[in-house]
Number of protein chains: 2
Amino acid sequence: MSSASENHSLTLLIRKLESIATLTDEERQAILSLPSKTRVLAPGQDIARDGDKPSQCCLILDGWACRYKVLNKGRRQIFSFHIAGDIPDLQSLHLHTMDHSLGTITQATVAFIPHESMRELTTRYPGLAAAFWRDTLVDAAIFREWMIGMGRKSAFGRIAHLFCEMYLKLQAVGLARGYRCPLPITQIDIGDALGLSNVHVNRTLQDIRGKGLITLRDNTLVIQAWEEMIRTSEFDPTYLHLEKRAAG
Amino acid sequence: MSSASENHSLTLLIRKLESIATLTDEERQAILSLPSKTRVLAPGQDIARDGDKPSQCCLILDGWACRYKVLNKGRRQIFSFHIAGDIPDLQSLHLHTMDHSLGTITQATVAFIPHESMRELTTRYPGLAAAFWRDTLVDAAIFREWMIGMGRKSAFGRIAHLFCEMYLKLQAVGLARGYRCPLPITQIDIGDALGLSNVHVNRTLQDIRGKGLITLRDNTLVIQAWEEMIRTSEFDPTYLHLEKRAAG
DNA sequence: CGACCGTTTGAATGCCCTCAATACGCGTGG
DNA sequence: CCACGCGTATTGAGGGCATTCAAACGGTCG
């Protein structure tokens, strides 16, 4: 939590924003001077809960998180998975009441940034406001793509599509290469994200594995047949709006 | 298309923004001086298509539109329905390539505003940028709610939830009252929005009607048992983030 | 009137769910 | 060091919600 290490944390934010926008030196400097507090959170810990009115937002530095909502009878819907560089509750800057929860999946390191500072920053630097705005728009684009899956695709297509998406997202921030990436989520998580039962996720995974398209062991996913995966899942990366390649 | 009528059009935009934010006189004036061209579009006409790179965005003045994407074998997913006051392709301001299409459902009157003008406006007035940003965030919140439906709710719950949502959205802009609202969409549209076949939508509608919860005739929806509707569909309006009531 | 689109109904199928039990992996504690 | 607990993964069986295919009905428009 020293000033030095906090600046280092915010470098990750700069890198993320530069993967979707062009920043001036002044804007970069402004980001580095954001106040932030870094915390290490245990797996399965909530960062913000449905109904909360947060006064800060969080930048994920390491580990995985997800946004979700719990319904009655224990049903759960996961809306998104988040990795290093993401600000999963950026929306709370302008939607003051949380309409869902945000929690860690793995142990995670996160940096908290006060809303007040973010508001000053975006008011002063319209270019940064646009970059952050864009980030939330990509978020929404991913929601739409998941809607397609849940509305119109088979379990096979949904799971394959999710794997392609996560691989590209991780690759974009240098956390994946060679069709290999970490995937520290359970089959229950996958089911809750895609609207499937854990039983059916299991059977479908066996199907995908059996066709030789992927391997998935020890929280590591290897996509062995990329072309076939994107074909059967109708995956088109346009919606991720990855205009530039981040450094690996 | 006279200057006078265009200013009148933009009054609707001011009213919409004031339902989610507070504007200064200067900001209101700035919106009124936006250039715009008004067009009347036929039903089923595309405003922007998947893959397009629009240079303007559109404000709906009258009629209904929807965002959607077509997959192979004629499958279609509708992401959202839009009514007067909405700017359904506002995202194109910062995501330059359309990852889905936008089209009319009914005959519709829309005002087109150049991206360039929107960018100047949001750069100059951070408060307006925040208001527009907030609008896209509410959009995303609605996506999340639809994901819950498609992932975890029955056809009955999904349809009932959609009806509650559309009623409140219409009420917020003065287009509905007394649990009665226009609903100019086909059962096919409902199915494509909620991930159901038109056949099952039809049977489920009969079920909902049979229970005396609604009537739906001549493109008019009447919610006869609001409490029961929100209970069975687990509808909680928080996600719409309607902080203020717009004038009726 | 005929064409067309949306609605309605029937029948058969199927994808996925629920319930249930077993197996596996891992960390904790005896 | 092994037993135990716990969460996850796996397998089996049965059932249900929703789908697909098909056909008939109804309203609107040219």
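Residue numbers begin at 1 in each chain, while the letters A, B, ... track the order of the sequences. For clarity, every value in this text was computed on a predicted model and none was experimentally measured.
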Open item on the list: Strictly below 4.0 Å: does Asn202(B) bring a side-chain N or O up to OP1 or OP2 of dT8(C)?
Closed with: yes

Task: 5' precedence on DNA chain D between Gly151(A) and Ile188(A) (nearest-nucleotide basis) - done: Ile188(A)

- [ ] Give me the residues of residues 204-214 of chain A where at least one heavy atom lies under 4.0 Å from an atom of DNA chain D, by number, or none.
- [x] Gln206(A), Arg209(A)

Task: Between P of dC26(C) and CG of Asn219(A), the distance in whole Å - done: 10 Å

- [ ] Please list, chain by chain and in numerical order, all residues satisfying side-chain contact (heavy atoms from CB on, under 4.5 Å) with Ala140(B), sequence neighbours excluded.
- [x] Ala140(A), Phe143(A), Arg144(B)

Task: Candidate nucleotides dA11(C), dC17(C), dG6(C), ranked by approach to the side chain of Arg203(B) - the nearest - done: dA11(C)

TODO: Anything under 30° is parallel, anything over 60° is perpendicular, the rest tilted; go ahead and classify His100(B) against Phe79(B).
DONE: perpendicular

TODO: Could you check which of dT9(C), dC16(C), dA18(D) has an atom nearest any side-chain atom of Ser154(A)?
DONE: dC16(C)

Open item on the list: By the 4.0 Å heavy-atom rule, please label Gly44(B) as base, sugar-phosphate, or nothing.
Closed with: nothing

Task: Those residues of residues 155-165 of chain A lying under 4.0 Å from DNA chain C by at least one heavy atom - done: Ala155(A)

- [ ] Would you mind telling me which residue lines up with the more 5' stretch of DNA chain C, His200(A) or Val199(B), judged by nearest nucleotide?
- [x] Val199(B)

TODO: Report which part of the nucleic acid Thr186(B) touches: base, sugar-phosphate, or nothing (heavy-atom distance under 4.0 Å, all strands).
DONE: sugar-phosphate

TODO: Could you label the plane-to-plane angle of the Trp226(B) and Phe235(B) rings as parallel, tilted or perpendicular, counting under 30° as parallel and over 60° as perpendicular?
DONE: perpendicular

